[in-house]
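Worksheet: the structure to be examined is printed underneath.
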Amino acid sequence: MPSRIRRFLFGPPKDIKDPDAFHKLSLVALLAWVGLGADGLSSSAYGPEETFRALGEHTGLAFFLAIATAATVFIISYGYSRIIEQFPSGGGGYVVASKLLSPRVGVVSGSALLVDYVLTITISIASGADAIFSFLPPSVQTLKLPTAVAGVALLTVMNIRGVKESVTALVPIFTLFIVTHAVMLITAIGGHVGDIGPVSEEVRSNVTRTTTALGLFGALKLALHAYSMGGGTYTGIEAVSNGVGMMREPRVRTAKRTMALMATSLAVTAGGIVLSYLLVHARPEEHKTMNAVLLERVAGQWSVGGFHFGRAFVIASLFSEGALLFVAAQAGFLDGPRVMANMATDSWLPHRFSALSDRLSMRNGIMLMAVAAFAALFYTRGDVSKLVVMYSINVFLTFSLSNLAMSKFWLAHRREHPPWARHLLGHLVALTLCATILVITIIEKFAEGGWVTLVVTALLVVLCFLVKRHYGLVTRALRKLDDDLPSPPEIELVQLELAANAHAVRAPAESFATGGTAGLLEHHGSRDPDPKKPIAILLVGGYSGLGRHALLTLLRMFPRHFGGVIFVSVAVVDSESFKGADQIAALEQRTRQSLLKYERYAHTLELAAASAFAIGTEVAVEVERIAADLTYRYPEALLVAGQLIFEEDTFWNRLLHNETAFIVQKRLQRMGLPMIVVPVRLDLRARRALPVQRMAA
């Protein structure tokens, strides 16, 4: 029953060897616009309102702010389009800052992005709940927070099922928002086209009164303040560049089309809403959003033949707005785990966050984003005003670092790119705008809750440095392990490729059932293991001292017992390698080469050797399938795996390292297959591995 429930909720496992697997999960520009562009577009529900409210009675400045809002969207989007061109694998602000500034600056940008995406989920869900419950009676308001929690849970399940499935289900909501708000803007702005003269005079007189009352400097200060308060309008623009990796090929062209769709829709909607406030003389009303006031003034009295449908249109528009905010939370679930995977690949976060589930989704990252979003919801009780303050800082920190990095890039590569001056100017303008908004927001909202975001981001940065330090110590200890046990002369890469290719032509590998993955038993030497003798089936990863130490320890424990060894490796497909069929083929080739090295090493020890491998997302599952077949072919076989053991068994070590060998051992024991785990103990304080003799003892 639990298996059936999981299959119903999360869908069936996907075949990693299917050449169209990535194609089936990737997004075309239109779906990417829905999944990633909704984050930016939904900010039109609260960004323009903050701008207009900050003006107070000086609404004439709204005309200029509407133009500034649209222009800012296009300027920032232009900068991120250049980032997409130069970084076609995605990663956005984290990758840009890491490669062009420094890895330490990159981890600051990445940490800011992660906090931002958690708050994207939280504020979108909370705002959507506010919009929907505004139509319901006060007696049911206590259900608002549980509804928000249910919304996060629903999106979590949808994203674990897969990227494309989660986005496709949200298309109708996105479409309803686009249609209703397009009608609203066309009516509000188009209906005043013939009033250009009176409107211009009204704006001129209002601006004159503003400059008279505040002075020219005071008017400029007010405009800058209102412009900065609407900074939430631009959040989500970076989502497209972060999510290039999930785009349909050709990715760069798809991502740039998505960016163009998102920038145009956001600029027109946000700028149009600010202008519409001015044209219809909308004013803030208690218990109503400014968009609700705007819709009522534009469409509230619509009727045809005595049938009043204006109220229904207003409700449909506001419902679509609230629902779109739920859709906007999708960007956090799509891009947050991807940023985590990039940081995990660089060892700033636990490596398990770059792993894929059997549904080919980044399940660990999705679950962590969901848990963090739940925590933020309960901490703020779904209070949007608190969330807006927490949300409005980190995105502009990332914007600023990204544009600073790209400015440095164009200066360094000006000889290679003739239009460098135009690109540099665009990034410098974007940097100026983003840095201005960032500074003003921190100053004005620090005491109102902005400090919470800064503290959480700083703690995450510290955590990343601690993780990086630990993995660095482990890497040095493993290198020491290699130095303590010199390898025989390595086979050149070209020779390995020739050997693998020649073998493929001369004697195709024996295939065996592995549930859709590539399972191969390969013989590359004249001395093959004898099925009638005891055989060691040794689980290994890449060619390293860890695998060689495990083999030597096994031979010391059972002297002159084994007549041969079969090296088994699972090529784990993670977020880094799952980017197309060519990447899977390259991963398979690297695995073959590592196994060839192990076989050659065994031959130097006068052991008959063969190898087998599989490709999948979970080591334990693939090993179980291979072991079932090999133990049938070799009845006297004993499965063996090496496992890193630390001097101090702490929660920290268990968090940062998996215990794959023990997991595999438990699964095989349930099948009645014998397996032993050979410990390879590391003392990180001594920064070296303990001797093989001690391990054998």
Side-chain angles (χ1 to χ4, degrees), residues 32 35-43 80 90-97 106-128 148 151-152 155-156 158-160 163 166-167 170 231-232 234-246 262 325-344 348-349 353-354 361-377 379-380 387-399 401-402 452-454 456-461 463-464 575:
L36 300 174
D39 183 19
L41 190 56
S42 68
S43 63
Y80 274 97
Y94 166 70
V95 173
V96 172
V107 76
V108 173
S109 180
S111 299
L113 272 175
L114 289 180
V115 175
D116 178 50
Y117 282 129
V118 170
L119 293 176
T120 293
I121 298 171
T122 310
I123 193 173
S124 298
I125 294 293
S127 299
V152 175
L155 286 175
T156 302
M158 293 171 63
N159 279 276
I160 289 178
V163 174
S166 63
V167 173
L170 303 175
Y234 318 112
T235 57
I237 293 179
E238 85 291 342
V240 177
S241 66
N242 287 334
V244 175
M246 68 183 72
M262 189 271 296
L325 287 162
F326 276 84
V327 177
Q330 180 70 2
F333 279 112
L334 292 180
D335 275 348
R338 191 161 296 278
V339 174
M340 294 176 69
N342 288 330
M343 295 178 70
W348 291 109
L349 290 175
F353 287 114
S354 64
S361 62
M362 287 172 279
R363 179 176 58 196
N364 292 328
I366 292 170
M367 293 302 295
L368 184 59
M369 296 296 292
V371 170
F374 285 137
L377 268 177
Y379 172 73
T380 61
L387 288 167
V388 168
V389 172
M390 297 169 60
Y391 179 55
S392 56
I393 294 177
N394 275 358
V395 65
F396 289 101
L397 174 60
T398 303
F399 282 172
L401 291 176
S402 297
V452 177
T453 300
L454 295 176
V456 171
T457 304
L459 291 176
L460 182 56
V461 171
L463 176 64
C464 289
S575 60

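Below, each value reflects all heavy atoms present in this structure, side chains not excepted, and no hydrogens, waters or symmetry copies. Quick caveat, the model's predicted, so the values are computed rather than measured.
- Residue Ala373 comes nearest to Val152 through the heavy atom pair CB-CG1, 4.3 Å, listed as atom of the first residue, atom of the second, then distance.
- If you take CZ on Phe333 and CE on Met367, they are separated by 9.0 Å, rounding to the nearest 0.5 Å.
- Distance check: Leu459 CG to Cys464 SG gives 11.0 Å after rounding to the nearest 0.5 Å.
- Met343 pairs with exactly one of Val107, Val95, Leu113 by the side chain to side chain contact (heavy atoms under 4.5 Å, CB included) rule, that one being Val107.
- Rounded to the nearest 0.5 Å, atoms OG1 (Thr156) and CZ (Phe374) are 5.0 Å apart.
- The minimum heavy-atom distance linking Leu377 with Ala126 is given by the pair CD2-CB, 4.3 Å.
- Across all their heavy atoms, Ser402 and Tyr80 have their closest contact at OG-OH, 3.5 Å.
- Shown here are the side chain to side chain contact (heavy atoms under 4.5 Å, CB included) partners of Thr120, two or more places apart in sequence or in another chain: Asp39, Asp116, Tyr117, Ser124, Tyr391.
- Annotation: the span from Thr398 atom OG1 to Ile393 atom CD1 amounts to 12.0 Å, rounded to 0.5 Å.
- Using a 4.5 Å cut-off on side-chain heavy atoms (C-beta onward), Leu463 and Leu460 make contact.
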Leu119 vs Asn394, test: side-chain contact (heavy atoms from CB on, under 4.5 Å). Steps then yes/no.
CA-CA 10 Å; Leu119 293 176; Asn394 275 358; 5.9 Å; no

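- Scanning all heavy atoms of the two residues, the minimum distance from Leu114 to Met369 falls at O-CE, 4.2 Å.
- With contacts defined as side-chain heavy-atom distances shorter than 4.5 Å, the pair Leu155/Ile121 does not qualify.
- Summarising the geometry of Gly365 relative to Pro337, their closest heavy-atom pair is C-CG, 3.8 Å, with the distance given to 0.1 Å.
- Within the model, atoms CG of Leu397 and OG1 of Thr453 stand 11.0 Å from one another, a figure rounded to the nearest 0.5 Å.
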